[in-house]
S.K.: 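This is the structure I have questions about; it appears just below.
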Number of protein chains: 2
Amino acid sequence: MASDQTRSAILAAAERLYADRGFGDVTLRDIVAEANVNLAAVNYHFGSKDELIAELFVTRSIQTNRERLNELKAAEEAGGGRAAIEDIMRALVGPTLRGCLGPDREGSTAARFMIRASIESVPPIRRIKNREVDHLRKFAAAMRRAMPGRDDTELYWGLHFALAMAHHTIREKERLLRLSEGKCDLDDVRAIIDRVVTVSVMALTMGDVPSKPAARPVLVHGRLTRQDL
Amino acid sequence: MASDQTRSAILAAAERLYADRGFGDVTLRDIVAEANVNLAAVNYHFGSKDELIAELFVTRSIQTNRERLNELKAAEEAGGGRAAIEDIMRALVGPTLRGCLGPDREGSTAARFMIRASIESVPPIRRIKNREVDHLRKFAAAMRRAMPGRDDTELYWGLHFALAMAHHTIREKERLLRLSEGKCDLDDVRAIIDRVVTVSVMALTMGDVPSKPAARPVLVHGRLTRQDL
DNA sequence: TTGCATTTCAAACATTTGTATGAAACTATC
DNA sequence: GATAGTTTCATACAAATGTTTGAAATGCAA
């Protein structure tokens, strides 16, 4: 068997098993059994179990981050170098939410894996997440351009809350579903993104002159209307 | 040694070690060494390692939940049976945030333990968290009374987002601190609670007639002013 | 004290786990 | 087809871990 096939088989099997049963319950022996390869193959190809997990997570993270930056770039080009704050937030939370939620994603191994990675927090994944700060700074910079003069602190809190809503929705979607007795539609990803973006923008602009209704973000961009919520 | 002393010593040592080093890195042998008791004492007094962890978490959870319900009750009594939505949200996120953040809490074992429990997600703790839905329903009910006529879906999303911001702030406080280069003050718990409450109420009321500026939550209750944000 | 229940203790158990080894099989190049 | 490099494989290793055991110690009531 060609070397790449074994590598790929391990990656695929590992992602599937981790997605289904979580990191705590899956051993290397489970993985190699699922992949139909020898136990030693994991250490031969990846060095260690942790490096295997890291590679799985890095691969998916890079995909998401690339999508985010693509969306951000597109929004900035469309706005002539300065994107609207709403579009920036959309670029931030959209890829993550689309990647993990939605009816078609139910069967997606990648989606389930990323949800697991979000819920459980194993050392190799935590190490990678810690490097995410550099990536987020690009969004902070874009936000600063979109809202010049605004205090940086407000900006960071807005960014933080946007990620909070997105990740918590992914993490706790089962609980929200149970709490709301199915009333909250976790499959309508577009609506969820709109919702998160709207609240994020509200949080970011809440210091704005309250006497001018036109300054309200929901109205400014016109994309979000009441029925979207 | 009296039986209770051993039990207490194990609980205290376990909470301290879990708080400092996380669930993944602490073994029963570490705990009994720290507590100066015999290895078998854990299984004798608690049955299993998981039951020990469960007892630790349940104890702290009950404290938080009780504080939440007390605040809710106080708010409802003050409002003549119907609490203001802002106070309900404050009762929801206040105890958790106060319990885990703040300069004085830095050295608190309980606080660090709960942060760990929020970050890592071990099976016994996950099982307990799943039962939290019943507790949250009481807040959903209070919210329903505070905002009659509003669609339940909106209400659940608001509740969900409030918890999202609170828990994510606890979980990711280090990252937010690093991202903002210390600009976000994670020690000013009162300000953080105000912030989370304000955004939550905004999220809950954002469907309200946008043409009437007076309907904006920040202005309605008057307690939150611009300098709070 | 005697007797009974509770608690402590040292030691062993029984797995499970990731990793290492060294030979065998395979592949590609000359 | 011989050789060198790569990959696979069965097996062993070594260490860690939660749990159990049965005896010893302790506490307590009669």
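So you know, we letter chains A, B, ... as the sequences are listed, proteins then strands, and number each from 1.
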S.K.: To check you understand the geometry: which heavy-atom pair defines the closest contact between A:R29 and A:L39, and what is its length?
M.R.: NH2-CD2, 3.7 Å
S.K.: Do the side-chain N or O atoms of B:H45 get closer than 4.0 angstrom to the phosphate oxygens (OP1, OP2) of C:dT6?
M.R.: no
S.K.: Is a donor from one side chain sitting under 3.5 angstrom from an acceptor on the other, for A:S121 and A:R126?
M.R.: yes
S.K.: Measure the distance from CD1 on A:I10 to P on D:dT7 and round it to the nearest whole Å.
M.R.: 12 Å
S.K.: Let me confirm one number: the CD-CG distance from B:E67 to B:L72, rounded to the nearest 0.5 Å.
M.R.: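 CG of B:L72 is found 13.5 Å from CD of B:E67.
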S.K.: Could you tell me how far apart A:I53 (CD1) and C:dG18 (P) are, to the nearest whole angstrom?
M.R.: 9 Å
S.K.: Can you give each donor-acceptor pair under 3.5 Å made by side-chain atoms of residues 157-169 of chain B, sequence neighbours left out, with the distance rounded to 0.1 Å?
M.R.:
from: B:H160; atom 1: NE2; to: A:T169; atom 2: OG1; distance (Å): 2.9
from: B:T169; atom 1: OG1; to: A:H160; atom 2: NE2; distance (Å): 2.9
from: B:T169; atom 1: OG1; to: B:M165; atom 2: O; distance (Å): 2.6

S.K.: Taking the six-membered ring for Trp and the single ring otherwise, decide whether the centroids of A:F113 and A:F23 are under 6.0 Å apart.
M.R.: yes
S.K.: Any side-chain N or O of B:T6 below 4.0 angstrom from OP1/OP2 of C:dT8?
M.R.: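 It does, given that an N or O in the side chain of B:T6 lies less than 4.0 Å from OP1 or OP2 of C:dT8.
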S.K.: I need a per-nucleotide contact map over nucleotides 9-22 of chain D, read 5' to 3'. Cutoff is protein heavy atoms under 4.0 Å; write B for the base, S for backbone only, - otherwise.
M.R.: BB-B----BBBBB-
S.K.: Does the pair B:E154/A:R195 count as a salt bridge with the N-to-O cut at 4.0 Å?
M.R.: yes
